[in-house]
Amino acid sequence: MQNPSSNQPDRGGQAPPGGSLRTLMAQDRMHARLVVVAGGFCLLFSAIALKLTLATIINPLPPQQQQIAPQVPPIPKSDPKGMIAGDVVLPQVHRASVTDRNGQVLAMSLPVAQVYANPQEMIDASDAAHRLKQALPSLDEAETKRRLSLNKQFVYLARDISPAQELAINNLGIPGIYFEPGERRRYPMGRVAAHILGGVDIDDHGVAGIERYFDKRLDGDSQPLRLSLDVRVQNVVHDELQSAMDMFQAIGACAIVMDVHTGEIITMVSLPDYDANDFGHAAADSRFNRAVTGMYEPGSTFKLQTVAMALQEGVAHIWDSFSSTPIKIGRFTISDMKNDHFAPWLSLPEVMAYSSNPAAAHIALDAGAPRQQEWLRRMGFFSRVPIELPEAGRPIIPSVHNWGVSTTMTVAFGHGVAEPPLSIVRGTAATANGGFLLRPTLVAAQSPATTDAPADAAADTAMPADAERLISAANSDILRKILRLDVAKGTGQKAESPGYYVGGKTGTAEKIGAHGGYLKHVNVSAFTGIFPMNAPRYAIYVMLDSPKPTAQTHGWTTAGWNAAPTAAHMITRVAPMLGLFPDTQHEAAIEASLAIPMRPAVPRGYRALGPGYDPGTARLHEHEHEAAPRAATRTHAARDVTEATPASHALHARNEAGRAPAHHQRERG
């Protein structure tokens, strides 16, 4: 029998009453703790559930950028007006996109993949080739089987496959097939601005055009490169130029529209052109950019520079007169066309309006060779035109050391030199924008005024910092009136576009054949102008290479019959796109502000140049006396009135693929 005071259990194994009480108390405490912990977990899970409900149902939040995998594109933003349509940045590619000034994508890189294999891991080369053929229909099954059977560890099977094709091949589950990420450059607009965009090689490095000039920029900065081009205007100008080229059966053509206040190129078209996506297979003539690489004698469009020089240098005034009588130099004669019946002496406005070659030659003689050379050098005609295109060529000019009297005269009306069209339109802009020579650019301004801004707003725009003033505001105003006169009453009348008060100058130059002789009735015709002339905003240039006569031109192939009306059609169509609308309501007042008489009166106290008073005539007579003893031995190119210089020989050596300039003495705008 156990002692009642003992704590040891009895033989029956039952705990004494005091031990049972302590056990029950411990169990109660444990149960209480469990209830508290369970309640805590319930509260925690309730809070989590509430948070998830808020984050996913009631108020969902987009994932943060760092939470998105690299291959997932950015979440699109609402853009009903397409304001950010061009800001395309694909994280899968490294080469930036190229857009026009309004954000339209012109060039972009798309993700692709290269398929390669390790033949050592192939189980059945024949079966693998057959299955790959199903995913890639263009694959050569026999060649693929041969490659997969080679004793190598690496062979390429296909390049530049799409993501869909990559997924299809991956789903085949063929051992030993691998993918290498890459990208392919695409040009969604095809032929639009192909000469400007250029192209890339197989490694996506630029080889021509903007792609080459900005190669490092496009590879190093993912933000789109925004050009100054407006694809709307580009398309219209392309269509009108192609129509004119077809109508007149020309072998080539080009057109340029440039902002005269910023130097931005709004449009640059060269024909024939090509699909930018097929750059590597395009013909050389199609890739040739006639706007910046082609060198053409400017013809009478250069008379604008002769007159601008005379006014700015104080050589001549608008009331001075110049002889239009043919000028004989040895066996050659500088004259106007046979059907031109001018007065013996023409005023400065008449020289431009009627486009007289001898009169222009007399103006240049009055200025002299050194002054003429310096003027052309300052206007950029002696150097490569500055533009973001590697293809931009250098002009062809006579040797300065051999720049004699005959060269001075022929250059005055655009012969004996060859310039790219962009240089001509640049010089034209400088005569009408207040006298500022601008640097042409294909890159949109940092804070560009949209192309549909009103003209009067642009008129007050400050010139770029690198703009150089070469013509005074007063002389620029005179030149604007003279250019308007040429369209209103002169050789450029067919360039008129009602309500836009176009001003400009025509120019026609005969071409030189492959063997150096002149091609009779084979011309390069051009028109360079400004619109609207009452508030200059845009310069335009149109050129047709070797146009043919038609019934509408009455057998003529000169610029006044083909290039000028083509420019008019372009202006009428593109001006509204550029925010310019015809103003016919104030026509009388505008025309009065642009009016200049054909024969301005001589102010009291001035002695005008004219009969019996022409310094250039004395220089011509001196040259005739000096040249007489050498006349028997001196060699001239056929019908060429320029001196035999290395530059003139280079002109004749040029081929006919748009590079051949043609200098002759019978030309009219």
- Query: Would you call D204 and R185 a salt bridge, taking side-chain N to carboxylate O under 4.0 Å as the test?
  - Reply: no
- Message: Is the shortest side-chain heavy-atom distance between V411 and W403 below 4.5 Å?
- Response: yes
- Can you name the nearest heavy-atom pair linking P298 to T301, along with the distance? O-OG1, 2.6 Å
- Residues in ring-ring contact (aromatic ring centres under 6.0 Å, His included) with F436, at least two apart? none
- N562/W556 under side-chain contact (heavy atoms from CB on, under 4.5 Å): CA gap, chis, key distance, verdict: CA-CA 9 Å; N562 44 50; W556 292 100; over 6 Å; no
- Answer yes if the side chains of S109 and E183 hold a donor-acceptor pair under 3.5 Å, and no otherwise. yes
- Query: Hey, is the main chain of P549 close enough, under 3.5 Å, to the side chain of T553 for a donor-acceptor pair?
  - Reply: no
- Query: Among pairs that include at least one residue of residues 546-574, which meet salt bridge (Lys or Arg N to Asp or Glu O under 4.0 Å), considering only residues two or more places apart or in two chains?
  - Reply: E240-R573
- Just jot down the ring-ring contact (aromatic ring centres under 6.0 Å, His included) partners of F154, sequence neighbours excluded, or say none. Y116, Y156
- Query: Is a side-chain N or O of Q114 found less than 3.5 angstrom from the main chain of D160, in a donor-acceptor match?
  - Reply: yes
- Query: Which pairs, with at least one residue in residues 266-275 and sequence neighbours excluded, count as a salt bridge (Lys or Arg N to Asp or Glu O under 4.0 Å)?
  - Reply: R191-D273
- Which heavy-atom pair separates V237 from A255 by the least distance, and what is that distance? CG1-CB, 3.6 Å
- Task: Please confirm whether the backbone N or O of I265 pairs with a side-chain atom of S228, one donor and one acceptor, at under 3.5 Å?
- Result: yes
- Message: Would you say Q552 and W561 are linked by a side-chain donor-acceptor pair, where the criterion is simply a distance under 3.5 Å?
- Response: no
- Residues K133, D140: salt bridge by 4.0 Å N-O rule: no
- Closest heavy-atom pair and its distance - L241, V542: CD1-CG1, 4.1 Å
- Query: So which heavy atom on L544 is nearest to which on A563, and how close?
  - Reply: CD1-N, 4.2 Å
- Please determine if E211 and R95 form a salt bridge, counting it only when a charged side-chain N lies under 4.0 Å from a carboxylate O. yes
- For A568, does its backbone N or O pair with a side-chain atom of T572 as donor and acceptor, under 3.5 Å? yes
- Query: Measuring from D100:CG to I196:CD1, what's the distance to the nearest 0.5 Å?
  - Reply: 11.0 Å
- Task: With sequence neighbours excluded, give me every ring pair (Phe, Tyr, Trp, His ring centres under 6.0 Å) pair touching residues 194-234.
- Result: H195-Y274
- Query: If you measure from CZ on R184 to CZ on R186, what distance do you get to the nearest 0.5 Å?
  - Reply: 5.5 Å
- Query: For F302, what residues pass the ring-ring contact (aromatic ring centres under 6.0 Å, His included) criterion, not counting sequence neighbours?
  - Reply: F381
- Item | Side chain to side chain, F527 and T566, heavy atoms closer than 4.5 Å | no
- Is there a donor in the side chain of T508 and an acceptor in the side chain of N523, or the other way round, less than 3.5 Å apart? no
- Run the side-chain contact (heavy atoms from CB on, under 4.5 Å) check on D545 and M543 step by step: do they pass? CA-CA 7 Å; D545 188 350; M543 183 274 289; 4.1 Å; yes
- For side-chain contact (heavy atoms from CB on, under 4.5 Å), just list the numbers for F531 and I540, CA-CA rounded to whole Å, side-chain angles, deciding distance to a tenth of an Å, and then say yes or no. CA-CA 8 Å; F531 69 97; I540 187 171; 4.2 Å; yes
- Any donor-acceptor pair under 3.5 Å linking the side chain of D215 with the backbone of G206? yes
- Would you check if the side chain of S286 reaches a backbone N or O of A282 as a donor-acceptor pair within less than 3.5 Å? no
- Message: Once side-chain hydrogen bond (donor to acceptor under 3.5 Å, both in side chains) is applied, do any residues pair with E143, and if so which ones, sequence neighbours excluded?
- Response: R146, R147
- Item | Flag side-chain contact, heavy atom, 4.5 Å: K511 against I251 | yes
- Non-neighbouring partners of T267 that pass side-chain hydrogen bond (donor to acceptor under 3.5 Å, both in side chains), sequence neighbours left out: none
- Between CG of L271 and CE of M245, what distance do you get to the nearest 0.5 Å? 5.5 Å
- Message: So which atom in P224 and which in T99 form the shortest heavy-atom distance, rounded to 0.1 Å?
- Response: CB-CG2, 4.0 Å
- Message: What's the separation between atom CZ in F288 and atom OG in S270, rounded to the nearest 0.5 Å?
- Response: 7.5 Å
- Message: Check whether N357 reaches the backbone of I334 with its side chain - one donor and one acceptor, N or O, closer than 3.5 Å.
- Response: no
- State, yes or no, whether a side-chain contact exists between T558 and T506 at a heavy-atom distance under 4.5 Å. no
- For Y500, ring-ring contact (aromatic ring centres under 6.0 Å, His included) partners two or more places apart: none
Donor-acceptor contacts under 3.5 Å from residues 419-427 side chains, at least two apart:
| residue | atom | partner | partner atom | Å |
| --- | --- | --- | --- | --- |
| R426 | NE | L438 | O | 2.6 |
| R426 | NH2 | L438 | O | 3.3 |

- Message: Looking only at side-chain N and O atoms, does D230 offer a donor or acceptor that is under 3.5 Å from a partner on Q234?
- Response: no
- Task: Return yes if a side-chain donor-acceptor contact under 3.5 Å exists between K303 and S300, otherwise no.
- Result: yes
- Note on the structure: Taken in chain and number order and not counting sequence neighbours, the residues that satisfy side-chain hydrogen bond (donor to acceptor under 3.5 Å, both in side chains) with N235 are none
- Item | Where A539 and I530 come nearest, the two heavy atoms and their spacing | CB-CD1, 3.6 Å
- Nearest-0.5 Å distance, CG of residue L225 to CD of residue E388: 9.0 Å
- Note, V200 side chain near V207 side chain (heavy atom, < 4.5 Å): no
- Please tell me if the side chains of L483 and V487 come closer than 4.5 Å, counting only heavy atoms from C-beta onward. no
- Query: Tell me, do D285 and R290 make a side-chain contact under 4.5 Å, heavy atoms counted?
  - Reply: yes
- Task: Could you walk me through whether L389 and M268 pass the side-chain contact (heavy atoms from CB on, under 4.5 Å) test, one step at a time?
- Result: CA-CA 12 Å; L389 291 176; M268 181 184 289; 4.1 Å; yes
- Query: Got P440 and M258 here, is their nearest side-chain heavy-atom distance under 4.5 Å?
  - Reply: yes
- Decide, yes or no, whether a salt bridge links E391 with R287 under the criterion of side-chain N to carboxylate O below 4.0 Å. no
- Item | Atom pair CD/CE of Q305 and M379 - distance to nearest 0.5 Å | 4.0 Å
- Message: Under 3.5 Å, is there a donor on one side chain and an acceptor on the other for S355 and T491?
- Response: no
- Query: So, Q165 side chain and S162 main chain: donor-acceptor pair closer than 3.5 Å or not?
  - Reply: yes
- Query: Partners of R377 by side-chain hydrogen bond (donor to acceptor under 3.5 Å, both in side chains), sequence neighbours excluded?
  - Reply: E374
